[in-house]
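Take a look at the structure set out below.
Owing to the predicted nature of the structure, the values given are computational and were not obtained by experimental measurement. Below, chains carry the letters A, B, ... as their sequence lines are ordered, and counting in each starts from 1.
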Protein chains: 2
Amino acid sequence: MSDQRDKILACACDLYLESGFEGFSMRKLAGCVGVTAPALYRHYASKERVLVDVIGEAYQRMAAHLYRALEGRTPVERIRMAGMGYLTFAVEHPRLYEVLFASPDLMGMQEAPQELESQWCALGQFWKDRVRECIDSGALRDGEPEAIAMTMWAHAHGLISLYLSGMLRVSREEFAGVYRTSVRRMLAGIATPAYLAEIETEASHR
Amino acid sequence: MSDQRDKILACACDLYLESGFEGFSMRKLAGCVGVTAPALYRHYASKERVLVDVIGEAYQRMAAHLYRALEGRTPVERIRMAGMGYLTFAVEHPRLYEVLFASPDLMGMQEAPQELESQWCALGQFWKDRVRECIDSGALRDGEPEAIAMTMWAHAHGLISLYLSGMLRVSREEFAGVYRTSVRRMLAGIATPAYLAEIETEASHR
DNA sequence: GTCTATAATCCGATAGAC
DNA sequence: GTCTATCGGATTATAGAC
């Protein structure tokens, strides 16, 4: 039944990993599957529906990678494993990582389908949970878990994006160390106490 | 002379801003300029050479936007203005911002031409300078200016990328506030002193 | 459910006249 | 320096036989 559809999806993931978005075509996909192009339209209405499923698959693989961190035995261990898992997934599967953030119009769609939205929310909840339990255990400062998770996520995503774009002049081996160092810098803070006192005064005057 | 070439480049920027990379073609570009497609090849050897110039133009506009921050009268004022300038440029010109980080193969090239590399280095130097003078003035903690600039840049770029991808559930008006808050959180640090002491011990044991 | 054949477009780039 | 005409290729998607 949808056995063939699964086979098509698997080939579509492989094809995307090899060729990226640009080189992805229904003809090539058909070639990978071992059928002709029109046969694909028995299982998928259009090319974009195939790509939506590819992105959904990327979400699931990312999630499976991250959820291993739940095996950690303390909140700190879990959030660390999650952070490193995020890094290794992105570095080992850069194309899958990139596709998670692909703008919908890049694949000929107006907006992201609701299917992908909910998968995204699940990941957001995961990070929020990791931060919350670290606050409760006294490792992270008190604050809104969602906002803190956003700051940490922004840093991680930005650093990984810069690395994948080739803007950082570091090798793949060096990057893991750079990542850890930068996370630590963010955890410790960048400004001096004197400057922090100054902007705190400023903020309270508003 | 290159009067016509300038006109082509201006139209190419407009066309890219409207259509993005996907909808960009030499035929459409010719239509914007008001000539036929073959005429373009008198001024540009290929489509990719046009796109390289578009990216170069984006760099120059970004740089011009950032360099206004040099009018600030203190190191802190300058780095703040630069940080907010980075934000406003990205939000007001999202396509130009995105193209700065476009992977070369997305426009059919193997690697970024050296012309763009050097423009990139200039921006890197600008940020390094901003951080260094803030360290010297006692606003930022001591450390390698380049590494600190990277952490700050990663955070800013990541947050902006998430916003532009629509992954943050905030409006454009809200985003400036979210950005400032997140920067402040990064400046102050996220972890508790107790946890920081713990990982410092750990690091020294290696 | 898969095939052959094909419609209907779009693309980058070139040849040669003017 | 621009034009017309065209080459050679790609693409999505459909029609109809089997």
DNA chain D nearest-nucleotide lookup for B:Ala39 and A:Lys47: closer to the 5′ end is B:Ala39

Name the orientation class of the two ring planes belonging to B:Tyr97 and B:His157 (parallel below 30°, tilted from 30 to 60°, perpendicular beyond 60°). tilted

Rounding to an integer number of Å, can you tell me how far A:Arg42 CZ sits from D:dG16 P? 13 Å

Expressed as a whole number of angstroms, how long is the span from B:Arg5:CZ to D:dG1:C1'? 15 Å

Angle between the two end axes of the helix from C:dG1-D:dC18 to C:dC18-D:dG1, five base pairs per end, rounded to 10 degrees? 10°

How are the rings of B:Phe175 and B:Tyr163 set to each other: parallel, tilted or perpendicular (split at 30° and 60°)? parallel

B:Glu133 meets the side chain to side chain donor-acceptor pair (under 3.5 Å) criterion, sequence neighbours left out, with B:Arg78, B:Arg130

Could you state the OH-P distance from A:Tyr41 to C:dT4, rounded to the nearest angstrom? 16 Å

Hey, can you pull the residues of residues 23-38 of chain B with a non-hydrogen atom under 4.0 angstrom from DNA chain C? B:Phe24, B:Ser25, B:Met26, B:Arg27, B:Lys28, B:Pro38

C:dT4 P sits how many Å from A:Leu40 CG, rounded? 13 Å

Any carboxylate oxygen within less than 4.0 angstrom of a Lys/Arg side-chain nitrogen, looking at B:Arg80 and A:Glu202? yes

Can you tell me the distance, in whole Å, between the CD atom of B:Glu48 and the P atom of C:dC11? 18 Å

Length of the CG-C1' vector between B:Asp3 and D:dT2, whole Å: 16 Å

How many Å lie between NE2 on A:His43 and P on D:dA13, as a whole number? 16 Å

Determine the interplanar angle of the B:Phe101 and B:Trp153 rings, folded into 0 to 90°, and report it as parallel if under 30°, tilted if 30 to 60°, perpendicular if over 60°. tilted

Atom CD of B:Glu22: over 12 foreign heavy atoms under 6.0 Å: yes

Euclidean distance, atom CD of residue B:Glu22 to atom P of C:dC11 [Å, nearest integer]: 12 Å

Sidechain N-carboxylate O distance under 4.0 Å for B:Glu117, A:Arg169: yes

Would you please indicate yes or no on a ring centroid separation below 6.0 angstrom for B:His93 and B:Phe89? yes

Give a yes-or-no answer on whether the side chains of B:Glu173 and B:Ser171 include a donor-acceptor pair shorter than 3.5 Å. yes

